[in-house]
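To start, the structure under review is shown below, and the notes come after it.
Computation of the quantities below employed the complete heavy-atom set of this structure, encompassing side-chain atoms and omitting hydrogens, waters and symmetry-equivalent molecules.
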Amino acid sequence: MFRNFLTLTLFFSALAVVAQDQNPIPITPTIQIGLTPPIPISIEGFTGEALSVLEFDLYVQGFSIVPASQAQYHIRGSDEGNLIGRLSGPQSFSRSYAGANIRREAHAFADDVVM
C-alpha cells in the first residue's frame, strides 16, 4: 500500500513539474457580454397587450424603455383594430400590420424595429 502511495505521489509531482515548464496559453474572450449599453427608446400610443409585447421584445433585444426626452429612438403608433407603428430616430420607418391578432402584429413590429 505504501508503494502505491509513493508511486502516485511521484507521478503527480512529475506531472506538476512538467506543467510548470510549459508556456501558458493566453485565453482572451472574443465576446464581451454585458458591455454594450442598452439603446434608449420611448413608446407612445400603444396600450394593453401590444404595449406589453413591444416592451418585452425590445427589452430582450437590448433596448431600455425611457421617457421621450431621454430616448435615442421614438416609437409612436396605435393598436386600435390593426397595429400601426412609426419609428423615428437615426433610422426611421412607418408600417401598418394587419391580418393577424394584435399580439402577432406587435411581435412583427418589434422585429422590424430591431432590424
### Query
For E80, which residues count as a salt bridge (Lys or Arg N to Asp or Glu O under 4.0 Å) partner, sequence neighbours excluded?
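For E80, no residue satisfies salt bridge (Lys or Arg N to Asp or Glu O under 4.0 Å) once neighbours in sequence are set aside.
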### Message
Please give the remaining members of the hydrophobic cluster of V66, linking ILVMFWY side chains under 4.5 Å, ordered by chain and number.
### Response
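Answer for V66: none, a lone residue.
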#### Entry: Co-members of the apolar cluster containing I84 [side chain, <4.5 Å]
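Result for I84 is none, singleton.
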#### Entry: Minimal non-hydrogen separation, L83 against A50, with atom names
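Nearest pair, atom of L83 first, then A50: CD1-CB, 4.1 Å.
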### Task
For I102 and E49, work out which heavy atoms get closest and say how close.
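Taking I102 first and E49 second, the nearest heavy atoms are CG2-OE1, 3.7 Å.
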Side-chain atoms of residues 38-46: list all donor-acceptor pairs with protein atoms under 3.5 Å, sequence neighbours left out, distances to 0.1 Å.
unit_1: S42; atom_1: OG; unit_2: H74; atom_2: ND1; d: 2.8

### Query
Are V53 and V113 connected in a single hydrophobic cluster, I mean Ile/Leu/Val/Met/Phe/Trp/Tyr linked by side-chain heavy atoms less than 4.5 Å apart?
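Different clusters.
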#### Entry: Cluster overlap V114 with I65, hydrophobic side-chain contacts below 4.5 Å
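Yes, V114 connects to I65 through the hydrophobic network.
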### Spacing of CG belonging to L51 relative to CD1 belonging to I75, to within rounding of 0.5 Å
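Answer rounded to 0.5 Å: 10.0 Å.
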Name all residues meeting the side-chain hydrogen bond (donor to acceptor under 3.5 Å, both in side chains) criterion together with [X]; count only those two or more places apart in sequence or in a different chain, and write none if there are none.
X: S52; answer: none
X: Q91; answer: Y73
X: T47; answer: D79

### Task
With sequence neighbours excluded, tell me which residues meet side chain to side chain contact (heavy atoms under 4.5 Å, CB included) with D112.
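Once residues adjacent in sequence are excluded, the partners of D112 under the side chain to side chain contact (heavy atoms under 4.5 Å, CB included) criterion are F93, R95, Y97.
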### salt bridge (charged side-chain N to carboxylate O under 4.0 Å, His left out) contacts in which one or both residues fall within residues 64-73, not counting sequence neighbours
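Sorted result for residues 64-73: empty, none.
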Which side-chain N or O atoms in residues 55-63 pair as donor and acceptor under 3.5 Å with protein atoms at least two apart or in another chain?
unit_1: D57; atom_1: OD2; unit_2: H107; atom_2: ND1; d: 2.5

